[in-house]
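Report on one structure; see the data block that follows.
Not measured: the values here are computed from a predicted model. Quick note: numbers below take in every heavy atom, side chains included, and nothing from hydrogens, waters or symmetry partners.
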Amino acid sequence: MNRREAARQVGAFYAKRGWQVFPFQRAVWQAALAGESGLLHATTGSGKTFAVWFAALQRAMCAPPTRKRGLRVLWITPMRALAADTLRALTESAAELMPGWTVDARTGDTSSAARARQAKHLPDTLITTPESLTLMLSKADAATQFALLDMVIIDEWHELMGNKRGVQTQLALARLRRWAHQAGGTLVVWGLSATLGNLPRAKEVLLGPGMPGATVEGSIRKDILVDTLIPANPSRFPWAGHLGIQMLPAVIGEIERHATTLVFCNTRSQAELWYQNMLEARPDWAGIIALHHGSLDKEVRDWVELGLKKGELKAVVCTSSLDLGVDFLPVERVLQIGSAKGIARLLQRAGRSGHAPGRVSRVTLVPTHSLELLEAAGAIQAVKDRDIEARHVPEKPLDVLVQHLVTIALGGGFRSEALFDEVRGAWSYRHLTEEEWQWALDFVARGGQSLTVYPEYRRVLPDEEGVYRVPDVALGRRHRMGIGTIVSEAMIQVKYQSGGRIGTVEEGFIARLNKGDNFLFGGRILEFIRVHEMTAYVKRATGAKGAVPRWQGGKMPLSSELAHAALAQMQLVTEGVYSGPEMLAIAPLLEIQARWSALPTPARTVIESLHSREGHHLFVYPFAGRAVHIGLASLFAYRIGRMQPITFSIAVNDYGFELLAPDNVDWPTVFAPAHGRDVGLFGTDRLLEDVMASLNATEMSQRRFREIARIAGLVFQGYPGQPKSNRQIQASSSLFFEVFRKHDAGNLLLTQAQREVLEQELELNRLRATLEELQGRAVSYHETKRATPFGFALMVERFREKLSTEKLSDRVARVLRELEKAAGP
DNA sequence: GACCTGCTGCGGTGTG
C-alpha cells in the first residue's frame, strides 16, 4: 500500500466517527512515515494517542509485505492501569485498519497463560511498562524477540523523564536502537508528553544526545480556569494549619451543585479525614462518595475507578493516585484542598475535568490557611502565564547502570566496549567516563573492593571470548526479581479477620498500636487485633474516633515558579494593587504583616527578630520552598555559630525559616555585610563545604543509600508474598553503607548517595540561586513585639518538627563513636 | 487565638 492510500484509510476512520483531524496529527504522521522520531506535546484529551498510534499503523500499512511475524510496535506506559485502557483503544482501531494485526499487553498483571502465549509468539503491538520491558531485555533470546521492531511509543514521557524509571527507559531504548541499527534499519521513537516546562530537553533525553527529531505541539489551546473558594470570614480564618476542615460546608456545597467532583488532597491521612468528615456531615452520601489513595487495596481502588467511569459516584476524595492512570473520566468538577505546590501539578489536575477537545478544564483551590490565599493568587497568575516547572533528569545514576549491566549480561551477554558505547547513547550517561564504566563493571564482576570474597556479588563474569554473562541461574533469578527502580517503605497489609483486604500501612504505625486500639483507614474506623507475618488483622470498630495512620511520604516543596508568583503578588500589594478576590480576602492579614513588620517582595527580604519566653527568634522569608529553607537555616546557623558560640532550634516551611536561640544575638551585626564586597551570611563561596558541615550529611546519605543499594541489587527484597520487614532491609543496607565507608571509600555508590542528597533533598542548585537572589535584595529588618502572621506559622511548625543544631551535633558524635567501635582494635 | 501532614509508580520464585 502506498502512503496516499494509507492516509485515505485513516481519514475515513476519523470521518466515520465525525472526528476532526487536527494539523498536529497530520504532522506526526508525515514525520513518522518519513522515518523521523520525535516528541508530541499536547494537553490531555486532545487526541495524542491516536496521532502516534495511526503513525505506527500507517508505517505498517506502507511496509512491504512480509511473512515474518513478530513484534513491530512497542508501546511503553508508566502505569498498568493505562495499559488496560490503551489496549482497548488500540485493539478496536487496529481491527478496522489492519485486520489480523494483534495487540496485547504485558505487565506484572499479565496472566501466566498470556505469558506462555507471548513467549511463543509476540503480538504485532505490545503495550508494556519500563520494568516489564527491562525484564524482557533480561531474557537470553531478547535480540530475536525485538528483531522486527519498527516503532516505539512512550506514553506520559513527562512522568518518566525526571526519575530513575525514565533512566531505565533511556537504557532500554539505547539497546533497542542499537539492535535496529545492526539490522540495517532505524528505530522510530515517539514520546507523548503534557504539562512540561522544558520541552527541548525532554526530546533530547528521549531520543539520545545529539539525535535529530521533530517536536510537534498539539495545536488545541485548552482553556483552563483556576479559581478559589474564599473562606466565609477571611479575618477569622486560621493563620496556619493544613487540614482546612473549616472549608467543609463550602466544599459540600460545591459537590451538591455538580454531578461528579474529585476532591484532591495532598496526603493520604488528609484524604481519610476529609472523607470521614464529609460522611459525618452528609450520612446520606454513604455509598455515593468514595475514597481513593495509594495505600488502599487495588480491589478497592478498582471499584472506585469503575464507579467514576460509570458516573455512579458523586464525589471521590483522593490523593494524586487519581492524577494519572484513569483516563476519560466524566468528571465535572475538580477541587484542590491545600497548596498544589506546583503549576504543572495544578494543570494536570485541572485537566481531569472537561477531558475532551474543546471543553474548558477547571480546578478550584480550597485554602487550608490564610497564606494559601496568597499562593492561590500566585498560581492563578502563573497558570495564565503558563509558567510551568521543568523536570530535571537524573545524571548518570550508577545504581541504575549496575542493574542494567546484570540485566544485559542475562539478556545474551555483552562486550565491554560495545555496551559502553551503547550506554553513552543514553542521555543520562552521555558524560560517563571510562573510569566510571570500569568501576561499574568491576562492581558487578567482583562486588567492588570490599565484597570480593562473597560469590553472590560476583554477578557478571567474562567468558573466554570476553563476553560478560551471569554465571549462575540462581543469581539470574534473584536479579529478575529485583528489576526496577521504585523503592518503597516496607508496608504491613491490613486485613479483616474475616479475610477482606483493605490496604497497607507502614510498619512503624502499626508498631505503635496496642490490641484494641482504633484507627481510621480506608474510610472506616477499625479495631486493631494483632499482627502476624507482615499482616495486621482488624475488625470494624464501634462508633468512636481513632488515630489516623501516617505515611512517611515525600515532602514536596513549593516550586520556584509558584513561590515567585506568590512574592510577585505581594509586590503588587505594595503598589496598591489587589489582583483578585484571593488578595482582597487576605488583605487584612497582609496589612497586619506590613504594620508590624513588612511584606516580603521580589526586591526585599524581610527579617524579623522577636524575644519571647522561649528565647530569641529570628524569622527570614526567602520564599524558596521548604527543602531550600532547611539548607539555608542550617547554613545560617552554622555560619553564625562560627562568629559566636551558639546553638539554634530550626523550623522551616515553604515561605521561610526560623532560628531560635536561648541567648541574645546581635542580629543587625550578624546580618551586616562585614566590609566591601563581602556578602556575609548570604555568600556562596565555600557553599558546598559549609552545607556539608552544617548538616548531618552522613545520616542523610545513609538514608538515601537504602534506595541505591536496593536498585543496585545489593539488598534482596525477599520473595513475593513474604516481604522482608523494614528493619531487615534497613539493617542490611546500612551494613553495606558502613562496610563501603570503611573498606571501600572510593565506592561510587556512596558518592552517588551524597550527590542525591545534595541535589534532590537539599536542592543545592536552588539553594545557591536563592542565596544569589538574596544578595540582590534589600534587607528589611524588624524587631517585633509578637509573632507576625508569617512568623506565627513557623512557630507552629517548630512544635511538630524539632530540628536543632545541638541535636544534629549529638547525632554526629554518636555516629562517629559507633564508627570507631565498628572499626574495632 | 490560631497547630500537630507529607504523593505516585512496578516487578518477582518455588520443580515434588
Grab the [atom1]-[atom2] distance between [X] and [N] for me, whole Å please.
X: A:Leu410; N: B:dG12; atom1: CG; atom2: P; answer: 14 Å
X: A:Phe237; N: B:dC3; atom1: CZ; atom2: C1'; answer: 14 Å
X: A:Met556; N: B:dT8; atom1: CE; atom2: P; answer: 9 Å
X: A:Lys139; N: B:dT13; atom1: NZ; atom2: C1'; answer: 12 Å
X: A:Leu346; N: B:dC7; atom1: CG; atom2: P; answer: 19 Å
X: A:Leu371; N: B:dA2; atom1: CG; atom2: C1'; answer: 12 Å
X: A:Leu160; N: B:dC10; atom1: CG; atom2: C1'; answer: 11 Å
X: A:Leu296; N: B:dC7; atom1: CG; atom2: P; answer: 12 Å

What nucleotide, of [options], holds the atom closest to the side chain of [X]?
X: A:Thr129; options: B:dC7, B:dC10, B:dG12; value: B:dC10
X: A:Met79; options: B:dC4, B:dG11, B:dG9; value: B:dG9
X: A:Glu131; options: B:dG6, B:dC3, B:dG11; value: B:dG11
X: A:Gln246; options: B:dC3, B:dT13, B:dG11; value: B:dC3
X: A:Trp239; options: B:dG1, B:dG12, B:dC7; value: B:dG1
X: A:Arg550; options: B:dT13, B:dG6, B:dC7; value: B:dG6
X: A:Lys555; options: B:dT13, B:dA2, B:dG6; value: B:dG6
X: A:Ser321; options: B:dG11, B:dT8, B:dG6; value: B:dT8

For a quick check of understanding: with a heavy-atom distance under 4.0 Å over all strands, which category does [X] fall into, base, sugar-phosphate or nothing?
X: A:Arg478; result: nothing
X: A:His293; result: sugar-phosphate
X: A:Lys164; result: nothing
X: A:Ser370; result: nothing
X: A:Arg710; result: base
X: A:Gly241; result: sugar-phosphate

Phosphate oxygens OP1/OP2 of [N]: is one of them under 4.0 Å from a side-chain N or O of [X]?
X: A:Arg626; N: B:dG6; value: no
X: A:Arg301; N: B:dT8; value: no
X: A:Arg268; N: B:dT8; value: yes
X: A:Ser488; N: B:dG9; value: no
X: A:Arg349; N: B:dC7; value: no
X: A:His242; N: B:dC4; value: yes
X: A:Ser132; N: B:dG11; value: yes
X: A:Arg165; N: B:dG9; value: no

> Considering residues, nucleotides and ligands other than A:Arg786, do more than 12 of their heavy atoms fall under 6.0 Å from its CZ?
Replying inline: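 Counting other residues, nucleotides and ligands, CZ of A:Arg786 stays at 12 neighbours or fewer.
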
> Quick check: are there more than 12 heavy atoms from other residues, nucleotides or ligands sitting under 6.0 Å from CD of A:Glu456?
Replying inline: yes

> When the nearest nucleotide of DNA chain B is assigned to A:Leu589 and to A:Ile486 on a heavy-atom basis, which residue is associated with the more 5' position?
Replying inline: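 That would be A:Leu589.
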
>> For A:Arg345 and A:Arg480, find the nucleotide of DNA chain B closest to each by heavy atoms; which residue's nucleotide sits nearer the 5' end?
In response: A:Arg345

> Which residues satisfy the side-chain hydrogen bond (donor to acceptor under 3.5 Å, both in side chains) test with A:Gln276, sequence neighbours excluded?
Replying inline: none

>> Taking side-chain hydrogen bond (donor to acceptor under 3.5 Å, both in side chains) as the definition, give me every residue that meets it alongside A:Arg175, ordered by chain and number, with sequence neighbours left out.
In response: A:Glu422

>> Applying salt bridge (Lys or Arg N to Asp or Glu O under 4.0 Å) to A:Glu707 and A:Lys164, what does each step give before you reach the verdict?
In response: CA-CA 11 Å; A:Glu707 177 185 311; A:Lys164 289 180 183 175; 3.2 Å; yes

>> Could you tell me if the side chain of A:Glu582 sits less than 4.5 Å from the side chain of A:Glu375, heavy atoms only?
In response: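 They are not in side-chain contact.
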
> Do A:Thr319 and B:dC7 have a side chain to base donor-acceptor pair shorter than 3.5 Å?
Replying inline: no

> What about A:Arg786: does its side chain form a donor-acceptor pair under 3.5 Å with the base of B:dG1?
Replying inline: no

> For the residue pair A:Phe792 and A:Trp239, does the interplanar ring angle fall in the parallel (under 30°), tilted (30 to 60°) or perpendicular (over 60°) class?
Replying inline: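 A:Phe792 vs A:Trp239 ring planes: perpendicular.
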
> Out of curiosity, A:Thr169 OG1 to A:Glu131 CD, how far, rounded to the nearest 0.5 Å?
Replying inline: 7.5 Å

